[in-house]
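Quick notes on the structure that follows.
Note: hydrogens, waters and symmetry copies are ignored here, and every other heavy atom, side chains too, is used.
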Amino acid sequence: MKVVFPTCCGVDVHKSFLVATIIKTPKDSLQPSYQKKRFSTFNAELNRFADWLHENNCLDVCMESTGKYWVPVFNILEKRGIRVIIANPKWVKAVKGNKDDTKDSKWIGDLFRIGLVKSSFIPVKDIRILRELTRYRYKLTSMKSSEKNRFQNAFTVCNVALDSVVSDMFGKSATAITDYLTSDEDFEPQHCISLLQRSLKKKADDVLASIEGYEIAPEQKHRIGIVRDHLHYIEKLIERVDICINAMVKKYDGAISLLCTIPGIDRSSAITVISEIGVDMAQFGSSKRLCCWAGLTPGNNESAGKKKSVRISRAGVYLKPALVQVAHAAVKDKLNPYYALKYERIAKRRGKKRAIIAIARLILTAIFSMLSTGEIWNPVDLFKVDMPEHLKEQQLQKAVKQAVRFLETQGLKVS
């Protein structure tokens, strides 16, 4: 057994307190010594915890990622120059029936001491703050979609089938009609037709047929008004969050512009990606580890020579949906059919769902390479796709150069 951290600390974090165990291993012995202490999670106590660590020359701490309770502890220790490893609970889970707060901190420290704890990715503070904003914007957008569905369903239960005629219940024509139906005015067909925009004039008869015979009680009108007001309020909140996000990402304009060269990625998607993974790819080491962290790689579940399940994991709760959305846009990009051709080939063999996940992984691999090298999106096999001859020639030359470089690294001389 090799001791990786001769002096380290295991921490079991709770909402109102934490239990810490410092483990010291002498050079001439494998038998460690333990010091246990309990602290409150108030800032003054956390600073006292940091002082205690410094007094014992312990600069390596490992703790379990329990909800958000680890964040205040991490903030204080990071500020005090202590290296903190945040472990996924599944890697440090103790055996049931033989655990308590003190034993948990000792168990975490013992695993960490001999290098058996995998570190979770914790970005720098600026990226963490940006991540909070982008995730909050995602939640607000989900709330906006829910309110839109609620608004539409409120008319459906009142025998208004307008959503079957118009393509957008929140377009100019539909909004004018729904405002008219929820007002106190008596319904007049000709006035209703006059509210339609030019593009919907040809559907005037269908619009009237979808509304005819409707019944909206005063209480239902009141509820529809509340839903509409809430929807407008959420839209204003999203605008405020966007202003704050745009102010924060000015320092990352170069990386955002770089990512926008990838088909399917716009500015909003690029900001979401940067907020989740940052701009320093050295933290992941390889594109494979990044894709695994994002939950885009097949699972590895084999026993007795039989593969049981290769489903992707639940990781990347916010990053994975964003990349899948980007992948759907990329395969529909007619100006650049690179990902569309790859999607078609994979979908024939593996199906559409697996194909779109594969495209999302290709895009994330490209993001890793671009943020590592600073080069724009320019895959080596792009020359295989229909494109102008001068660009095709450039891509072919690049592919040949990379092949020659690979052969030279294998000890072969290429003339």
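For Lys236, the salt bridge (charged side-chain N to carboxylate O under 4.0 Å, His left out) criterion is met by no residue, not counting sequence neighbours. Taking Arg350 as the reference, nothing meets the salt bridge (charged side-chain N to carboxylate O under 4.0 Å, His left out) condition, with sequence neighbours excluded. Residues passing the salt bridge (charged side-chain N to carboxylate O under 4.0 Å, His left out) test with Asp333: none are found, sequence neighbours excluded. Residues passing the side chain to side chain contact (heavy atoms under 4.5 Å, CB included) test with Val404 are Val400, Glu408, Val414, sequence neighbours excluded. Contacts of Arg80 classified as salt bridge (charged side-chain N to carboxylate O under 4.0 Å, His left out), with partners at least two apart in sequence or in another chain: Asp51.
Residue pairs meeting the salt bridge (Lys or Arg N to Asp or Glu O under 4.0 Å) criterion with at least one partner in residues 195-208, sequence neighbours excluded, are absent. Counting only residues at least two apart or on different chains, no ring-ring contact (aromatic ring centres under 6.0 Å, His included) pair has a member in residues 246-268. Applying the ring-ring contact (aromatic ring centres under 6.0 Å, His included) test to every pair with at least one member in residues 194-224, sequence neighbours left out, gives these pairs: Phe187-Tyr214. For residues 169-181, the pairs satisfying salt bridge (Lys or Arg N to Asp or Glu O under 4.0 Å) are Asp179-Arg228, with sequence neighbours left out.
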Distance-only donor-acceptor pairs under 3.5 Å for side chains of residues 261-268, two or more places apart:
| residue | atom | partner | partner atom | Å |
| --- | --- | --- | --- | --- |
| Thr261 | OG1 | Leu258 | O | 2.6 |
| Thr261 | OG1 | Trp377 | N | 3.3 |
| Asp266 | OD1 | Ser269 | N | 2.9 |
| Asp266 | OD1 | Ser269 | OG | 2.7 |

Report, one line per pair, each donor and acceptor closer than 3.5 Å where one atom sits in a side chain of residues 150-166; sequence neighbours left out.
| residue | atom | partner | partner atom | Å |
| --- | --- | --- | --- | --- |
| Arg150 | NH1 | Glu147 | OE2 | 2.1 |
| Gln152 | NE2 | Asp163 | OD2 | 3.0 |
| Asn153 | ND2 | Asn149 | O | 3.1 |
| Thr156 | OG1 | Gln152 | O | 3.1 |

Would you be so kind as to tabulate the donor-acceptor pairs closer than 3.5 Å made by side chains of residues 278-290, with sequence neighbours excluded?
| residue | atom | partner | partner atom | Å |
| --- | --- | --- | --- | --- |
| Asp280 | OD1 | Ala282 | N | 3.2 |
| Gln283 | NE2 | Asp280 | O | 2.9 |
| Ser286 | OG | Arg289 | N | 3.4 |

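A salt bridge links Lys251 to Asp126: one of the charged nitrogens lies within less than 4.0 Å of a carboxylate oxygen.
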